[in-house]
**Student:** 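Got a structure here, written out as C-alpha cells. Questions coming.
Throughout, a chain's letter reflects where its sequence line sits, starting with A, and its residues are numbered from 1.
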Amino acid sequence: MPYDPAISEPRWQEAWEQADTFRAVRDERPKYYVLEMFPYPSGRIHMGHVRNYTMGDVVARFKRAQGFSVLHPMGWDAFGMPAENAAMEQGGHPRDWTYGNIATMRSQLKPLGLSIDWSREFATCDDDYVAQQQALFLDMLEAGLITRKSAQVNWDPVDMTVLANEQVIDGKGWRSGATVERKELTQWFFKISDYSDELLSALDGLEGWPEKVRLMQANWIGKSRGLQFRFQTVDLPDFPSIEVYTTRPDTLMGASFVALSPDHPLVKALAASDHKVAAFVGECRRIGTTEEAIETAPKMGFDTGLTVRHPLDPDWQLPIWIANFVLMDYGTGAIFGSPAHDERDHEFATKYGLPIRATFGERGMDLAAADALVAKAPFVPLKSETVTYVRGFAGAADQTGEAAVDAAIQHAEANGYGEGVTKFRLRDWGISRQRYWGCPIPVVHCGACGTVPEAKQNLPVLLPQDVSFEVPGNPLNRHPTWAATTCPKCGGAARRETDTMDTFVDSSWYYARFTSPHAATPTDRAETDYWMNVDQYIGGIEHAILHLLYSRFFARAMVKTGHLPESAQEPFDALFTQGMVTHEIYMTRDERGRPVYHLPEDVVDGKLADGTPVEVIPSAKMSKSKKNVVDPVNIVEGFGADTARWFMLSDSPPERDVEWTAAGAEAANRFLARVWRLADEIPEGGADPELARAAHRAIDEVTKSIEGFAFNKAVAKIYELANSIGKSKAGGESRREALRIMAQLMAPMVPHLAEEVWAKAGGQGMVVDAAWPKADPALLVSDSVVLPIQINGKRRAEIEVPKDMPKDQIEAIVLADETVQRFMEGQPPKKLIVVPGRIVNVVV
RNA sequence: GCGGGCGUGGCGGAAUGGUAGACGCAUGGGACUUAAACUCCCUGGGGCGCAAGCCUGUGCGGGUUCGAGUCCCGCCGCCCGCACCA
C-alpha cells in the first residue's frame, strides 16, 4: 500500500481527539507549558505559522513523551487595525470579519495535527476576555500603575484622524496624502518606567533567553549615569535657567552651544511671540513622531539669538539653538553640544559654523594637536580608553572617559552647580488608541467628578455594534448614544472614554489567561500556581523588545494586583526566536516597465504558462504584495501535513530564515514515503547489532538535538537512522525494534506517519502515548578511536588507537608513523600536542 | 541615524578553539524498465595528477594560537527593531 497521508492523517487526528489526548490536566506529573506567540487572524494561515507552531508542537510532544503534563494552547490576537481597514474597504463589520477569519484559520490549522488543547481557545476580542482585561485595568489603576498625560500623535488634517506610524508614508497620510502633523492629546499610560531598573536588572536572571534579546532589551531600557545641571540664561527673566542632562560632563569645556528640543517649554514660549521660531518649530513638526524619522532627518537648527553662561566660566557665553534632533522625551529636552566628541554635534557645528574645541586627544597629545585632530571629524574613543585631557577640569590629565565622567560629576556636586543622576531611555507605555476595534478603556469622564473608573459590576464595557466606517476617524466618538452614561461616583451624566487600548495590552497577559481561560476572574490562583511560568515561549525576533518587555511589565503588574503569584513575575522561563519563511520572487514587467509579480504555482521552469520567462529575485520574507507566498493549505492537500512539518524542520536551523522551495518539499515528501515503505515491507531475518547501535546513537543524538532546539540536526540524524535501516540486513524483531525507535524519534515532528510506522512495527497502543526511548549507554561507546594527525596544523595522516590509550603510547605510535617520519626529515619534533580522543599535532 | 544579529560548495546547512563541508537538495554516471516515472547504487568545493598525493579554500583586510569557520581589531553586504503594524 502506498503512502497516502490524505487517508492516514485524518484518521490519527480523529484517534487523538477521541482519546482526548491533548487536554491539559492538572495532576501529579510535573507540568510543562509550551506557548507559541498567538496569531493575528488575518484570514489565512501562512508558512510562518506552520513553522512556528510545528516547532512548538515538537517541544510539546517531546515533553509529553518525557512524562510531563503539557499545556499547549492556542488563541487569537484578534483586535487591531486590519479589521477596521477591511470594513472601510469592503464594508461589513470588524467583528464579523475577525470571527470569520478565525473560523477559516482554525480549520486550516487543525489538519496540521498540532497537539493543542483546543478547549482553551479564546480570542482577545471575546466579550469575556474584554471583561477580564478591563477588570485588570481597574485594578492597575487603583494600584497606581496607570496615569494620564499629554503625548504626540500623527494627525492627518484632511481625514481628521490619528494615524499609526505605519500609516505615515514619507510624512504623508496613507489615504489622504496630506502632510501629517504632530498633535498633542491627553492619553492613558501604563507606568512601565517605574519598573525601568527592575526590568533591567531582572534580565540577568533570564538564562533561558537568547543573549541578543536580553541585550536589545537592556539597550532599549537604556540606563545611563550622567550630570544634570543648569545653564544660567542671559537677559531672560522668565526662564532664568535651562536644565540639561549629559552623559559626557567631562566634555563640558568643549561646549559650543546649547540645543533645545522644538517641544521645550522655552521654545514654546518663544514661538508664541516670534513667528520665525514658530515657523521653524512647525517645520520640525512635519517630521514624523518616530525616533527613526527624527534621527535620520537632516539636522536643522535655529539660532534664537539668546545665550547662556558657561557654569565654569560666567564670562563665557554659549548661544541657544533649537535643534530638530533633540528629543523632549529623553533627559530634559535640552543638551549642550560638544562637537569635538560627538558625531551629531560635529555635523551640526560644521553646518552652522560653531566652534569645535577638543576636550581631550589621543594619549600624549597637546592642545594644538587635539584641536587639529577634531577639526575635520569628531574623536569618539571608547569610554574605557585612556586619553589625554587638554581642556580638563576634574581628575587627572591622563584618564579614561569613565573616570573623567565620574570626576566631572564629583566636581559639579562639590561646587554646587549640578548633580549626578541616573536616567532611563524607557518611556511610559501609551495605550490610548483613537480607534474602534480594541478593548474599551473602562473609564468615564464626569463634569463633576472628573475622570472616574467604571464600577467593576458594570463591566464589561462592550463596543457598540451599530457603527459605520464610511468616514475616517473613531466611530466610538461619533456614535449617537454609546458614550452617554452615568458617573459611577455621583450618578450624574457622564461620557465614556472613547479611546480603546493598544493591542499590545491584549497580548501582554494572554499567556496567563490560558491557564484558566474560563475563570470569572482574570486568573485562577490554583491554575496559575500549577501552570505558570511558560517553560518555553516561541516566536519571532521582531517581538524581541516591545511585546516581550510589555509582557514582563504586565506580569509584574499582575503580581502587584494579586492576579499572579510572585514567582510568575518573569512569565517566560525560556524564549526561542525563530526565523522567517522566505521564497524567491518571480517578476515580469508590464508595457510601462512596472514590476508585475507572479505566484510560485504559476511559474514552471522559470516561465509562465504562456512561455514568458520570469526574472527571479532572491528570497525574501513571504509577502502578499510580492506574491512570493506558498499557501500551506495547498501543501497539506498535495503532500500531507507531515511533509509540510518535516520540511519546515529540516535543513535550516530554527533561529534562521528558511527558504521554501518546491524541490525541498518534494524531497521531504519522498523521504517520508521511503520511511513508510521501510515500515511496510519488513522482511524476516536475523538480528544486526550494528543496527541496534545506530538506533541507540540516534536516540542519544535526536534527544540532545531537540533539547537544544536544533531540529535540523535531529532531522539529519533521523535520515542517518533511516539509511542504516535501509542498508541493514536485519529482519524480524531486530528490524521492527529499530523501526519503533525511529517512529518514536520522529513522532514529535511527523506525528501521523510515526503512528503508522509504530503500528506496522508492532508498537503497543499509540506512539503519542509511548514514553520517550532511552539510549543504552553500552551501545553508544566504541572501543577504538580514529585520531587525525596534524603536522604544523595541517592534517597529514590518521591512526586508529584504543579509546583510552595513554598519551605516551600515542606519542610513540605517532612518531613512528611513516608520514610523520617523512615530514620530520630526521629532526626531532619541536612540540607534540596530544588532545585525547580528538587530535594529535606535531610541530616540526 | 541608533541598537541587535547574520555571512561556510551550485543550493539549504554541519563542525565543545582540534580531520571544514555531517545530513539533504541540485548535477553527473550506472542498475531496473520495451520506454518513462518511481526506486536503488556510485560521484559530488576549486586546481594539478593515471594514482598515491600535493596546493588552495568558511564575505574582505589584519592579529592571537601548536592549531581559527569558531577568539580579537577594522571594513563590506544583508536582515530585524526603533515605542500607534501585528
**Student:** May I ask you to verify whether the side chain of A/Glu291 and the base of B/C82 hold a donor-acceptor pair under 3.5 Å?
**Tutor:** no
**Student:** Do any side-chain atoms of residues 187-195 of chain A form donor-acceptor pairs under 3.5 angstrom with protein atoms, and if so which ones, sequence neighbours left out?
**Tutor:**
{"unit_1": "A/Trp188", "atom_1": "NE1", "unit_2": "A/Glu497", "atom_2": "OE1", "d": "2.9"}
{"unit_1": "A/Lys191", "atom_1": "NZ", "unit_2": "A/Gly144", "atom_2": "O", "d": "3.3"}
{"unit_1": "A/Ser193", "atom_1": "OG", "unit_2": "A/Asp428", "atom_2": "OD1", "d": "2.6"}

**Student:** Could you tell me whether A/Ile833 contacts a base, only the sugar-phosphate backbone, or nothing, with contacts defined as non-hydrogen atoms closer than 4.0 Å?
**Tutor:** base
**Student:** Under a 4.5 Å cut-off applied to non-hydrogen side-chain atoms, are A/Arg697 and A/Glu720 in contact?
**Tutor:**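 They are not in contact (no side-chain heavy atoms under 4.5 Å apart), so the answer is no.
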**Student:** Less than 4.5 Å apart, side chain to side chain, heavy atoms only: is that true for A/Ile541 and A/Met216?
**Tutor:** yes
**Student:** Can you find a side chain N or O atom of A/Arg433 that sits less than 4.0 Å from OP1 or OP2 on B/C84?
**Tutor:** yes
**Student:** Run the side-chain contact (heavy atoms from CB on, under 4.5 Å) test on A/Thr577 and A/Lys212 for me, step by step, so that the C-alpha distance in whole Å, both residues' side-chain angles and the decisive distance to 0.1 Å come before the verdict.
**Tutor:** CA-CA 10 Å; A/Thr577 56; A/Lys212 62 176 169 180; 3.9 Å; yes
**Student:** For nucleotides B/C55 and B/C6, find the distance between their P atoms and express it as a whole number of Å.
**Tutor:**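 Those two atoms are separated by 33 Å.
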**Student:** Taking the side chain as C-beta and beyond, is there a heavy-atom pair between A/Gln217 and A/Leu199 under 4.5 Å?
**Tutor:**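 No. Closest side-chain heavy atoms not under 4.5 Å.
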**Student:** Just jot down the ring pair (Phe, Tyr, Trp, His ring centres under 6.0 Å) partners of A/Trp437, sequence neighbours excluded, or say none.
**Tutor:** A/Phe79
**Student:** Which label fits B/G69, syn or anti, where anti is any glycosidic angle not within 90° of 0?
**Tutor:** anti
**Student:** Between which residue ranges does RNA chain B form stems of three or more consecutive Watson-Crick or G-U wobble pairs, both distances under 3.5 Å?
**Tutor:** B:1-7 with B:76-82, B:10-12 with B:23-25, B:28-31 with B:39-42, B:45-48 with B:53-56, B:59-63 with B:71-75
**Student:** Under 3.5 Å, which N/O atoms of the protein pair with N/O atoms of nucleotides 22-24 of chain B?
**Tutor:**
{"unit_1": "B/A22", "atom_1": "O2'", "unit_2": "A/Glu720", "atom_2": "OE2", "d": "3.1"}
{"unit_1": "B/G24", "atom_1": "OP1", "unit_2": "A/Asn723", "atom_2": "ND2", "d": "3.0"}

**Student:** Could you tell me whether A/Gly430 contacts a base, only the sugar-phosphate backbone, or nothing, with contacts defined as non-hydrogen atoms closer than 4.0 Å?
**Tutor:** sugar-phosphate
**Student:** Please work out if A/Val843 contacts a base, only the sugar-phosphate, or nothing of the nucleic acid, heavy-atom cut-off 4.0 Å.
**Tutor:** sugar-phosphate
**Student:** Of the nucleotides B/A14, B/G18, B/A83, which has the atom closest to the A/Arg425 side chain?
**Tutor:** B/A83
**Student:** Within the pair A/Ser652 and B/G12, is there a side-chain N or O less than 4.0 Å away from OP1 or OP2?
**Tutor:** no
**Student:** May I ask you to say what A/Gln187 touches in the nucleic acid, namely base, sugar-phosphate or nothing, with a heavy-atom cut-off under 4.0 Å?
**Tutor:**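 It contacts base atoms.
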**Student:** Closer than 4.0 Å, any side-chain N/O of A/Lys212 to the OP1 or OP2 of B/G4?
**Tutor:**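 No, outside the criterion.
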**Student:** From the options B/A86, B/A83, B/G18, select the nucleotide whose nearest atom is closest to the side chain of A/Val835.
**Tutor:** B/G18
**Student:** Distance alone, cut at 3.5 Å: any donor-acceptor contact between the side chains of A/Thr289 and A/Asn165?
**Tutor:** yes
**Student:** What's A/Ser432 touching, base or sugar-phosphate or nothing? Going by heavy atoms closer than 4.0 Å.
**Tutor:**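 It contacts base atoms.
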**Student:** Are A/Arg214 and A/Glu211 ion-paired here, with the side-chain N under 4.0 Å from a carboxylate O?
**Tutor:** yes
**Student:** For a quick test of reading the model: is some side-chain N or O of A/Asn841 closer than 4.0 Å to OP1 or OP2 of B/G18?
**Tutor:**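 It does not, given that no N or O in the side chain of A/Asn841 lies less than 4.0 Å from OP1 or OP2 of B/G18.
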**Student:** Under 4.0 Å, counting only non-hydrogen atoms across every strand here, what does A/Ile789 touch: a base, just sugar-phosphate, or nothing?
**Tutor:**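 It contacts nothing in the nucleic acid.
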**Student:** Within the structure shown, what part of the strands sits under 4.0 Å from A/Val840 by heavy-atom distance: base, sugar-phosphate, or nothing?
**Tutor:**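 Result for A/Val840 = nothing.
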**Student:** Using the C1' atom in both, what is the distance from B/G81 to B/C71, to the nearest Å?
**Tutor:** 28 Å
**Student:** Could you tell me whether A/Pro653 contacts a base, only the sugar-phosphate backbone, or nothing, with contacts defined as non-hydrogen atoms closer than 4.0 Å?
**Tutor:** sugar-phosphate
**Student:** By nearest atom, which of the nucleotides B/A14, B/C85, B/A83 is closest to the A/Leu546 side chain?
**Tutor:** B/A83
**Student:** Quick one: does A/Arg670 reach the base of B/C38 with a side-chain donor-acceptor pair under 3.5 Å?
**Tutor:** no
**Student:** Considering only atom C1', compute the distance from B/C85 to B/G74 and round it to an integer number of Å.
**Tutor:**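 Comparing C1' positions in B/C85 and B/G74 gives a spacing of 37 Å.
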**Student:** Over 60° means perpendicular and under 30° means parallel, so classify the ring planes of A/Phe647 and A/Trp660, tilted if in between.
**Tutor:**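 Rings of A/Trp660 and A/Phe647: perpendicular, over 60°.
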**Student:** Using a 4.0 Å heavy-atom cut-off across all strands, classify A/Arg344 as base, sugar-phosphate, or nothing.
**Tutor:** nothing
**Student:** In whole Å, measure the gap between the P atoms of B/A22 and B/G12 for me.
**Tutor:** 15 Å
**Student:** Using a 4.0 Å heavy-atom cut-off, does A/Gly664 contact any base of the nucleic acid, only the sugar-phosphate backbone, or nothing at all?
**Tutor:**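 Result for A/Gly664 = nothing.
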**Student:** Please work out if A/Gln434 contacts a base, only the sugar-phosphate, or nothing of the nucleic acid, heavy-atom cut-off 4.0 Å.
**Tutor:** base
**Student:** With rounding to the nearest 0.5 Å, note down the distance linking CG in A/Asp77 to OH in A/Tyr40.
**Tutor:**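 That separation rounds to 8.5 Å.
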**Student:** Between A/Lys223 (side chain only) and A/Leu200 (backbone N and O only), is there a donor and an acceptor less than 3.5 Å apart?
**Tutor:** no
**Student:** Please classify the nucleic acid contact of A/Phe504 as base, sugar-phosphate, or nothing, using heavy-atom distances under 4.0 Å.
**Tutor:** base
**Student:** Would you classify A/His547 as touching base, sugar-phosphate or nothing, given that sugar-phosphate means primed atoms plus P, OP1 and OP2, and contacts are heavy atoms under 4.0 Å?
**Tutor:** nothing
**Student:** So which protein N/O to nucleotides 52-56 of chain B N/O distances come out below 3.5 Å?
**Tutor:**
{"unit_1": "B/C54", "atom_1": "OP1", "unit_2": "A/Arg796", "atom_2": "NH1", "d": "3.2"}
{"unit_1": "B/C55", "atom_1": "OP1", "unit_2": "A/Arg796", "atom_2": "NH2", "d": "3.3"}
{"unit_1": "B/C55", "atom_1": "OP2", "unit_2": "A/Arg796", "atom_2": "NH1", "d": "3.0"}

**Student:** Measure from the side chain of A/Met580, starting at C-beta and using heavy atoms only, and say which of B/C79, B/G1, B/U16 lies closest.
**Tutor:** B/C79
**Student:** What distance separates A/Met37 CE from A/Asn52 CG, expressed to the nearest 0.5 Å?
**Tutor:**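 Reported to 0.5 Å precision, the distance equals 8.0 Å.
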**Student:** Please measure how far the P atom in B/A36 lies from the corresponding atom in B/G28, and state the result in whole Å.
**Tutor:** 15 Å
**Student:** On a whole-Å scale, what distance lies between the C1' atoms belonging to B/G21 and B/G57?
**Tutor:** 11 Å
**Student:** Evaluate the ring planes of A/Tyr719 and A/Trp646, with Trp represented by its six-membered ring, and classify them as parallel (under 30°), tilted (30 to 60°) or perpendicular (over 60°).
**Tutor:**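 The rings of A/Tyr719 and A/Trp646 sit tilted, inter-plane angle from 30° to 60°.
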**Student:** For B/A15 versus B/G59, give the span between their P atoms, rounded off to a whole number of Å.
**Tutor:**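 The answer is 16 Å between these two P atoms.
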**Student:** To the nearest 0.5 Å, what is the distance between CD on A/Glu89 and CD on A/Glu84?
**Tutor:**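 The CD atom of A/Glu89 sits 12.0 Å away from the CD atom of A/Glu84.
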**Student:** Could you pull out all residues at least two apart from A/Tyr550 that satisfy ring pair (Phe, Tyr, Trp, His ring centres under 6.0 Å)?
**Tutor:** A/Trp429, A/Phe504
**Student:** For atom P, what is the distance between B/U64 and B/U70, given to the nearest Å?
**Tutor:** 15 Å
